[in-house]
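Notes for the one structure printed next.
Since this is a predicted model, take the numbers as computed values, not measurements.
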Amino acid sequence: MIALARRPSLSVATAFRAIGMPKTLAFGSIVIAYWLQLQAMASGYGLRVTSDTPTYVALLRDMALHPFSQVSPFVSAVHVQTSHATPDLQMLAFAWRWLAPDASLVAPVDAYRLLAAWGLVVTALLLHGMFVWTRGYAGSRAAWFSMPVLLTLLGPANVIWAGDLSVHGLLYASYYSQTLGVALLLYALHLLPRVTSRRGLAGMGMLVTTLLLIHPFSGVVFILLATVRATVDAWRGAPRWGRVPLVVAASFALGSAWPAYSLAAAMVIAGFSGTMLVAAAVAAPLLAAVAARLPRVALVTPDGTPVRLATASSPRGDVLPRGARRIAEWLPRISAPALLAFVGLGIVVLVGAWQLWLVTHPSSDPLVTTNRLAIYWNTDLMRWPLLLGAGAVGLAGLARLGRAGAWLPAFWFGSFFAAGLVGSLGVHIPLWYRLLLFCQVPLAAATAKVLADLRPGGIRRVVVLGFAGSLAFRLIVLFAASQAVTYWGASWQPQAYDLGRYIAKGGSGLVAADPYASYYIPAATGHKTLLVSKSHVGSLPEEQAAAHGYSLLHRLYVGDDWRTAMSEMWAVGVRYVVVDHRVTLADPTLEQFSSNPFPLWRTPAERKQLGEYFHRLNLMGEVIADTPQFVIYRLDSTRVERVVKQGERDA
C-alpha cells in the first residue's frame with residue numbers, strides 16, 4: 001500500500017509568516033484603502049464631505065471649455081485666476097471633453113466620479129513615492145512598513161482638509177492636487193541626490209516643474225528641504241551641491257510660462273513671492289560655498305577660550321553652543337521606543353475618548369442640528385498636533401536616522417512640527433496647520449524604521465495596537481454613527497446640488513448668494529457667482545473680487561443705499577439671487593462672515609433684517625423656487641430699473 005504524503009495545511013498564520021509581517025500589513029492596508037475608495041466613489045462621499053470638491057467639479061467644466069486660460073470657478077471678474085487650474089486638472093478636463101457628449105454639460109455626479117477614478121491612480125503614486133523615499137533612508141523592510149503607517153497615522157479623528165494622507169483622506173481628497181503634489185515631492189527628494197547625468201538632470205527639472213505647477217505649496221516645501229540639504233553640502237565641500245540651485249531656478253523659470261495662473265503669486269508664503277523664495281534658494285548654497293572657502297578666523301570668548309568655526313577643511317567643526325550640544329546628546333537617550341510606544345497608545349486612547357465625549361455631548365446651540373464636528377476636526381485646529389500621536393515612537397526613529405547621517409527627515413519633522421505646535425498655541429505663523437499635515441511623511445518613515453528594527457514582541461505589538469486602534473475607531477464612527485455625525489451614507493446636499501433644477505444650467509447671468517451657498521452654485525448650475533467663501537478662493541485677485549461682491553450683497557441686505565447696490569450688481573451681470581432661510585449677512589465683511597462658524601440669524605432684530613431683505617428682493621424679482629432651505633429669485637430688468645429710479649427720486 002502506497003502512503004500518500006499529506007499536503008501541508010495552508011493557514012492564515014502560515015501565509016503570514018511566508019509573506020512577512022511588513023508586506024502583509026502593506027498589502028492589507030492597500031486593499032482596505034482601495035475598497036473604501038471604491039465605496040466612496042460609488043456613494044458620492046466626496047460630494048457629501050464637500051471640502052474642495054465643488055471647486056474641482058466646476059473647474060473641470062471651465063477648463064474643458066477654455067483650455068490653458070486664466071479662469072475662476074466662481075467669480076467672473078477680469079484677470080481673476082486660481083492656482084487650482086493645474087496641469088493634472090487640465091488633463092482631466094480634456095478627458096471630460098472627450099467623454100461627455102457636450103463639454104459644457106453640468107453634471108456634478110459624473111464629474112466627481114471621473115475625479116475619483118483619477119484619485120485611484122494618485123493613491124498608487126503616493127504610496128509608491130512613500131515606499132521609494134523611505135527605502136532610500138531606512139531600507140526595504142521599513143519601506144513596506146511605511147505605507148500602512150502613513151495610511152493610519154493621522155487620527156483617530158477624521159479631519160476634512162487637503163493634505164490628509166490617511167485612509168480617510170483618500171476617500172474624499174485622493175484627486176486633490178496636494179495629494180499628487182506630495183507624491184511628486186517624495187519622488188523629487190529621492191531622485192535629486194542620485195542624478196548624475198545631464199539627461200537625468202533635465203528629467204529632474206521637468207519633475208520639479210510639474211511639482212511646482214501641480215501644487216505650489218508642496219513645491220515650496222521641496223525647495224526648502226532641497227536648499228537646506230544643498231547649503232549643508234556646500235558648507236561641507238560635498239560634490240554636486242550645485243545641482244539644487246540649478247534645478248530650482250530652471251524649474252521655476254519653466255513653470256512661470258504656465259498660462260492658467262501666476263506661479264510666483266501662487267507660491268507666496270508669509271508675504272514673500274515665489275520669485276523671492278527662489279532667489280533665496282539659489283543664493284543660500286552659493287553663499288555657503290563661498291563662506292566655506294574663507295580662511296579660518298580665530299575667535300575667542302570673553303574668558304579667552306578659543307572658538308572653532310566649521311570650514312570646508314573641518315566639516316564637523318563644533319558649531320553648537322554647549323547647551324545645545326548637551327540637548328543633542330540627551331535627546332536620543334530619552335527617545336526609547338518602549339516609552340514612546342506607550343505614549344503614542346495613550347494619546348490615541350485620549351483622543352478617542354475625547355471624540356466619544358463630543359459625540360455624546362452635541363452643541364447646545366438649538367440652531368445647530370448636526371454634530372459632525374465631533375468626528376471631523378476641521379475648525380478647532382489647535383487639537384491637530386494630537387492627531388500625530390500614534391507615531392510618537394517615530395521620534396526614536398528620527399534619532400536613529402540622524403545618528404546614521406540621515407538628518408533631513410529629522411529636520412523636516414522637527415522644524416515643521418515646532419512651527420505647527422507654536423501656531424496651534426496662538427502665535428501667528430502663516431499656514432501652520434498645513435505644516436502639521438506635512439509632518440505625516442517624515443514621521444511615518446521614522447515610525448516604519450522603528451518597526452523594522454524592533455524584534456517581534458511586546459513593544460512592536462503596542463505600536464501596532466495604537467495604529468490599529470486609531471484605524472478601527474475612525475472606521476467605526478464613520479460607518480456606525482448616526483447621520484447627524486457622519487457623512488458616510490448621507491445623501492448629497494440635495495438642496496444645494498438641486499439648485500440646477502431651478503436655475504437654467506449653463507445659462508448666462510451671475511448668481512448672488514451667501515458665501516456658503518455660492519460655493520455649490522458653479523458646480524450645480526454652471527453659473528458664476530458674485531462671491532464665494534474666503535476659505536475657497538485660489539488667488540489674491542479672486543479673494544479681492546469675492547470681498548467686493550460680498551460688500552455689494554451686504555449693502556443690499558442691510559444698507560440704506562441698497563438700491564445703489566442692486567444697480568451695481570445688475571451692472572456686473574447678477575440675474576439670480578439665492579437666499580438661505582437660516583443665514584444672516586449682517587457681518588460687514590467677507591472676512592468677518594468667514595470667521596463666524598455658524599452665521600445664522602438668532603434674534604428678532606436679525607429676523608427683521610432677513611424679512612426686509614425678502615421685501616427688497618420681492619420688489620425687484622420673482623420667486624422661481626421656494627425649497628425648505630432656499631428661496632430663489634430671478635431678477636426682472638423692468639422692476640430693477642423702477643426701484644433704482646425710485647431711489648434716485650427719493651435722493
Hey, can you pull the donor-acceptor pairs under 3.5 Å for the side chains in residues 258-269, sequence neighbours left out?
{"from": "Trp258", "atom 1": "NE1", "to": "Ala85", "atom 2": "O", "distance (Å)": "3.1"}
{"from": "Tyr261", "atom 1": "OH", "to": "Leu213", "atom 2": "O", "distance (Å)": "2.6"}
{"from": "Ser262", "atom 1": "OG", "to": "Ala265", "atom 2": "N", "distance (Å)": "3.2"}

Subject >> side-chain hydrogen bond (donor to acceptor under 3.5 Å, both in side chains) partners for Arg642, two or more places apart >> reply: none
**OP:** Not counting sequence neighbours, list each pair that qualifies as a ring pair (Phe, Tyr, Trp, His ring centres under 6.0 Å) and has a residue in residues 605-643.
**Re:** Tyr557-Tyr613
Original post:
How about Tyr502 and Tyr576: are their ring centroids closer than 6.0 Å?
Top reply: no
**OP:** Only counting residues at least two apart or in another chain, list the ones meeting side-chain hydrogen bond (donor to acceptor under 3.5 Å, both in side chains) with Thr55.
**Re:** Tyr519
Original post:
Got a sec, which pairs hit side chain to side chain donor-acceptor pair (under 3.5 Å) with one end in residues 109-124, sequence neighbours left out?
Top reply: Gln37-Thr123
**OP:** Not counting sequence neighbours, which residues clear ring-ring contact (aromatic ring centres under 6.0 Å, His included) with His128? List them please.
**Re:** Tyr187
**OP:** With the side chain counted from C-beta on, respond yes when Thr564 and Arg555 share a heavy-atom pair under 4.5 Å apart, and no when they do not.
**Re:** yes
Subject >> Side-chain ion pair, Glu612 and Arg616, N-O less than 4.0 Å >> reply: yes
Subject >> Sequence-distant partners of Asp636, salt bridge (charged side-chain N to carboxylate O under 4.0 Å, His left out), two or more places apart >> reply: none
Subject >> side-chain hydrogen bond (donor to acceptor under 3.5 Å, both in side chains) partners of Thr50, counting only residues at least two apart >> reply: Gln493, Tyr520
**OP:** Mind checking salt bridge (charged side-chain N to carboxylate O under 4.0 Å, His left out) for Asp88 and listing every partner two or more places apart, or none if nothing turns up?
**Re:** none
Original post:
His536 and Ser533: side-chain donor and acceptor closer than 3.5 Å?
Top reply: yes
**OP:** Return the minimal non-hydrogen interatomic distance between Pro54 and Ala523, and the atom names on each side.
**Re:** O-CB, 3.9 Å
Subject >> Arg582: partners by salt bridge (charged side-chain N to carboxylate O under 4.0 Å, His left out), with sequence neighbours left out >> reply: Asp580
**OP:** Using the test salt bridge (charged side-chain N to carboxylate O under 4.0 Å, His left out), find all partners of Asp62 that sit at least two apart in sequence or belong to another chain.
**Re:** Lys528
**OP:** Could you go through the side-chain contact (heavy atoms from CB on, under 4.5 Å) check for Leu47 and Tyr45 one step at a time?
**Re:** CA-CA 5 Å; Leu47 287 171; Tyr45 185 67; over 6 Å; no
Subject >> Sequence-distant partners of Phe593, ring-ring contact (aromatic ring centres under 6.0 Å, His included), two or more places apart >> reply: Tyr516, Tyr550
**OP:** Quick one: pull up OH in Tyr56 and CG in Leu115 and give me the separation to the nearest 0.5 Å.
**Re:** 9.0 Å
Subject >> Approximate separation, where rounding is to 0.5 Å, of Ile214 CD1 and Thr209 OG1 >> reply: 11.5 Å
Original post:
Ion pair present between Lys645 and Glu641, side-chain N to carboxylate O less than 4.0 angstrom?
Top reply: yes
